[in-house]
Engineer: 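Dumping the structure here so I can ask a few things about it.
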Protein chains: 2
Amino acid sequence: MPVTIKDVAREAGVSPSTVSRVLSNHPRISAATARKVREIMQEMGYHPNLMAKSLVSRTTRSLCVVLPKPAEELFLNLFFMELIRGIVAQAAHDGYDVLISPGASATEEIEAVARLVNGRRVDGVILLYSRRDDPVVEFLRERDFPFVLVGRSPQYPDVRSVDTDNVRAAYDAANHLIALGHTRIGFVGGPPELVVSADRLEGYRRALAEAGLPVRGEWIVEGEFLQDSGVRAMSLLMRLDERPSALLVVDDFVALGVLRGLPELNLRVPQDLSLVSFNNLALAELANPPISSVDIGIYELGRAASGSLIAAVQPAADEQAPKRQIVPHRLIVRQSSGRAD
Amino acid sequence: MPVTIKDVAREAGVSPSTVSRVLSNHPRISAATARKVREIMQEMGYHPNLMAKSLVSRTTRSLCVVLPKPAEELFLNLFFMELIRGIVAQAAHDGYDVLISPGASATEEIEAVARLVNGRRVDGVILLYSRRDDPVVEFLRERDFPFVLVGRSPQYPDVRSVDTDNVRAAYDAANHLIALGHTRIGFVGGPPELVVSADRLEGYRRALAEAGLPVRGEWIVEGEFLQDSGVRAMSLLMRLDERPSALLVVDDFVALGVLRGLPELNLRVPQDLSLVSFNNLALAELANPPISSVDIGIYELGRAASGSLIAAVQPAADEQAPKRQIVPHRLIVRQSSGRAD
DNA sequence: TTGAAAGCGCTAACAG
DNA sequence: CTGTTAGCGCTTTCAA
């Protein structure tokens with residue numbers, strides 16, 4: 001039987017409310033009683049029951065983050081893990097716990113969130129990489145429940161979110177290739193329903209247009225890339241009459257897939273083909289050759305998401321907190337991108 | 001103001017306890033009232049307050065999993081993500097939520113767990129890859145709090161755990177290389193304080209001994225492998241007079257590091273060097289060449305861990321639940337392992 | 001500065 | 001089969 005606030009009160013010869021006040025550092029409590037009560041708490045091994053506290057305070061001091069569906073996001077696993085680290089670190093710092101909600105299927109996903117939200121089990125929700133018409137976003141907006149998006153949702157420009165400026169990131173990456181003298185630059189995208197794919201494509205387009213370079217439809221490939229489809233797409237790309245001398249690739253994992261397809265095409269990186277990708281996951285550095293990649297500060301994104309959401313759910317926060325927040329990126333140049341010959 | 005059990009009771013013209021009984025499918029409730037109450041709940045948008053339920057039931061229906069410290073486990077990120085998926089999937093299936101606890105430093109780690117455990121915020125804890133003398137294990141054993149280890153702890157053979165038979169897995173992998181005709185087989189290990197490293201080394205030793213092959217000290221490398229130290233270790237290994245023709249590598253990520261160091265040594269895989277690694281992460285298939293790897297069923301490990309822990313915290317579970325559980329592994333042969341010439 | 005009392009939303013005897 | 005009553009452990013008026 002765990003020791004309760006009553007036990008401490010009895011032992012200390014005060015009332016439960018006094019103990020409670022000591023617990024919450026109430027100002028009008030005599031230093032003497034405070035010290036004494038704290039002593040007894042220590043002795044008896046008292047620990048506040050968080051559930052009871054939640055019940056009366058009507059807040060849980062916990063957030064939930066929705067795990068993306070594996071089918072859709074498997075290649076984002078590394079990304080996600082680092083994001084969680086950031087989320088959890090900031091949350092812990094602010095005294096919040098983080099709950100993981102499963103994302104098996106769309107219906108299960110929303111059911112799980114609904115249970116947590118309706119059951120007042122969490123104070124806020126963190127959502128990732130919103131797709132168009134995300135039902136969870138709809139659900140949360142409807143009941144005006146606090147949430148933050150990692151990524152952006154074109155449908156809901158006013159939603160609280162933290163994001164990379166992906167257009168700009170792709171623009172910068174493309175300009176790196178342009179500065180190296182490349183004029184035939186292709187783009188390998190991810191699942192097109194993700195906003196991030198579209199944004200990076202847009203930045204690519206913009207940089208090329210600005211430099212007066214051609215953007216050819218057949219130089220742009222989109223889709224799932226992990227399996228042999230990646231290899232096939234590459235061979236397609238590389239069999240064109242005029243083939244690109246450099247590629248912008250939407251994610252390091254995808255870049256790894258591209259890299260794998262090259263030996264059978266007798267292509268070397270960077271001699272025959274330069275590569276720049278995004279996210280700068282641990283494997284970008286480890287790949288062979290190491291891949292130039294845009295570091296988007298994933299951990300930082302996680303921290304920012306936590307921070308922003310927590311600020312929003314705190315009662316009397318200064319209303320300063322901006323709804324949209326951009327985390328800066330920077331290009332890490334490695335051996336996969338070289339001068340055009 | 002959310003609708004409570006009282007509101008429903010009033011509206012349905014019954015007592016709160018009746019509503020509560022309907023909620024928990026109490027057998028002795030008339031079909032008619034049950035239907036009616038459910039109807040009203042639906043209409044009014046009633047959702048049970050999980051905190052209140054927890055307070056009275058003295059159980060939270062949630063588990064917590066302790067995130068490994070980044071320094072120590074960074075190369076296990078992918079592993080960990082898949083494990084979490086398994087954990088969360090099984091937990092959700094059994095009606096449990098999963099909380100992530102940060103593992104920034106040893107003291108923070110134990111403080112965070114203590115807060116959750118003492119505050120009765122969770123019913124059980126999932127721990128990963130226990131190091132020797134894990135303080136969290138100590139803490140939990142002391143207060144007899146339910147937990148499960150993913151991996152094994154030689155100090156505490158009686159602790160509830162799910163694990164791979166790593167000795168056997170390494171034994172199998174080594175025998176694969178032996179069957180391919182290799183006689184000079186090296187071993188590239190991970191951080192030596194992890195039990196998994198020691199176990200895999202042991203299996204390697206056993207297979208070689210059984211086949212009458214030499215185990216040479218200089219063919220065994222241990223340590224952090226992600227950075228250039230990997231490359232250096234490789235060049236060391238490969239500059240020996242008698243160098244191995246095949247390598248057992250403790251993790252796919254580490255294998256990727258090894259792979260990266262080879263071109264400058266003018267070595268090709270598998271022609272000059274065969275490679276077999278462990279864990280079969282997504283990148284094993286994506287590497288160049290694709291890496292033969294022992295699939296240890298990470299997702300399954302996660303599910304098993306959840307399941308085992310949940311069984312343990314359920315009140316009247318049949319005491320059948322074995323304390324130690326082994327999840328089967330299987331070798332996936334890819335192009336990185338070829339015949340010895 | 002402290003105590004008494006009421007209540008957060010729910011469950012669980014104990015009656016009826 | 002259903003209602004009454006008494007808490008779960010904590011916070012918070014309101015009085016003293």
Side-chain angles (χ1 to χ4, degrees), chain A residues 1-38 40-41 44-61 95 115-123 315, chain B residues 1-38 40-41 44-62 95 115-123 315-316:
Chain A
M1 210 57 195
V3 19
T4 77
I5 217 170
K6 273 188 188 165
D7 303 326
V8 176
R10 190 178 326 106
E11 196 70 13
V14 297
S15 80
S17 24
T18 301
V19 178
S20 172
R21 284 191 258 258
V22 171
L23 228 39
S24 50
N25 293 314
H26 190 105
R28 288 195 305 225
I29 207 90
S30 83
T33 22
R35 201 178 36 67
K36 165 141 191 210
V37 168
R38 268 190 252 276
I40 306 266
M41 293 196 310
M44 304 183 71
Y46 169 77
H47 295 275
N49 182 315
L50 301 176
M51 291 300 172
K53 186 178 284 195
S54 278
L55 182 56
V56 45
S57 71
R58 295 157 167 296
T59 109
T60 61
R61 289 196 88 83
R115 204 180 49 81
L116 294 174
V117 166
N118 289 329
R120 267 126 296 169
R121 186 67 179 264
V122 297
D123 295 346
Chain B
M1 210 56 194
V3 18
T4 77
I5 218 171
K6 274 189 188 166
D7 302 326
V8 175
R10 191 178 326 106
E11 196 70 14
V14 297
S15 82
S17 30
T18 301
V19 178
S20 171
R21 284 192 259 258
V22 171
L23 228 40
S24 50
N25 293 312
H26 191 104
R28 290 194 304 226
I29 206 90
S30 86
T33 22
R35 202 178 37 68
K36 168 139 190 210
V37 167
R38 268 191 251 277
I40 305 268
M41 292 196 311
M44 301 182 73
Y46 169 77
H47 296 276
N49 181 316
L50 301 176
M51 292 299 171
K53 185 178 283 194
S54 277
L55 182 55
V56 47
S57 71
R58 296 156 165 298
T59 114
T60 62
R61 289 197 88 81
S62 47
R115 204 179 49 80
L116 295 174
V117 166
N118 289 328
R120 268 127 295 170
R121 186 67 177 261
V122 297
D123 296 346

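In what follows, every chain begins at residue 1, and chains take the letters A, B, ... in the order their sequences are listed. Hydrogens, waters and symmetry mates play no part in the numbers below; they use all other heavy atoms, side chains included. Quantities reported herein were computed from a predicted structural model and do not represent experimental measurements.
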Engineer: How long is the line joining CZ of R10(B) and P of dG3(D), in whole Å?
Structural biologist: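 Roughly 14 Å, once rounded to whole Å.
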Engineer: Between P on dC8(D) and CG on D7(A), what's the gap in Å once rounded to a whole number?
Structural biologist: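 That distance rounds to 10 Å.
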Engineer: Looking at every non-hydrogen atom in both residues, tell me the closest pair between A9(A) and P16(A) and how far apart they are.
Structural biologist: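 Smallest heavy-atom distance, with atoms named: CB-N, 3.6 Å.
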Engineer: Once rounded to the nearest 0.5 Å, what's the spacing between atom CE of M51(A) and atom OG of S57(B)?
Structural biologist: 8.5 Å
Engineer: Which heavy atom in T60(A) sits nearest to a heavy atom in R120(A), and how many Å separate them?
Structural biologist: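 That closest heavy-atom pairing would be CG2-O, 3.1 Å.
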Engineer: Name the residue from I29(A), V8(A), T4(A), D7(A) that meets the side chain to side chain contact (heavy atoms under 4.5 Å, CB included) definition with V19(A).
Structural biologist: V8(A)
Engineer: Looking only at heavy atoms, which two atoms of T59(B) and S54(B) are closest? And how far apart?
Structural biologist: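 Scanning both residues, the minimum pair turns out to be O-OG, 3.1 Å.
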Engineer: Go through residues 14-35 of chain A and report each residue with a non-hydrogen atom lying under 4.0 Å from DNA chain D, sorted by number.
Structural biologist: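 Contacting residues: S17(A), S20(A), R21(A).
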Engineer: Between atom NZ in K6(A) and atom P in dG3(C), what is the gap in whole Å?
Structural biologist: 15 Å
Engineer: Find the distance between CZ (R10(B)) and CD1 (I5(B)) and round it off to the nearest 0.5 Å.
Structural biologist: 12.5 Å
Engineer: Over how many whole Å does the gap from L50(A) atom CG to dT11(D) atom P extend?
Structural biologist: 10 Å
Engineer: To the nearest Å, how far apart are Y46(A) OH and dC10(D) C1'?
Structural biologist: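 Distance, rounded to whole Å: 7 Å.
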Engineer: Which pair of non-hydrogen atoms, one from R121(A) and one from R61(B), has the smallest distance, and what is that distance?
Structural biologist: NH2-O, 4.2 Å
Engineer: If you check the R58(B) side chain, which of dC10(C), dC8(D), dC10(D) turns out closest?
Structural biologist: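 Of the candidates, dC8(D) comes closest.
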Engineer: In this structure, how many angstroms lie between the C1' atom of dG7(D) and the CG atom of N49(A), rounded?
Structural biologist: 14 Å
Engineer: What integer distance in Å separates M51(A):CE from dC10(D):P?
Structural biologist: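 Nearest whole value for this atom pair: 13 Å.
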Engineer: Can you tell me how far P of dC8(C) sits from CD1 of I5(B), to the nearest Å?
Structural biologist: 13 Å
Engineer: What nucleic acid atoms does P48(A) come within less than 4.0 Å of, heavy atoms only: base, sugar-phosphate, or nothing?
Structural biologist: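 The residue P48(A) makes sugar-phosphate contact but no base contact.
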Engineer: Which listed nucleotide (dG9(C), dG7(C), dC10(C)) is nearest to the side chain of L55(B)?
Structural biologist: dG9(C)
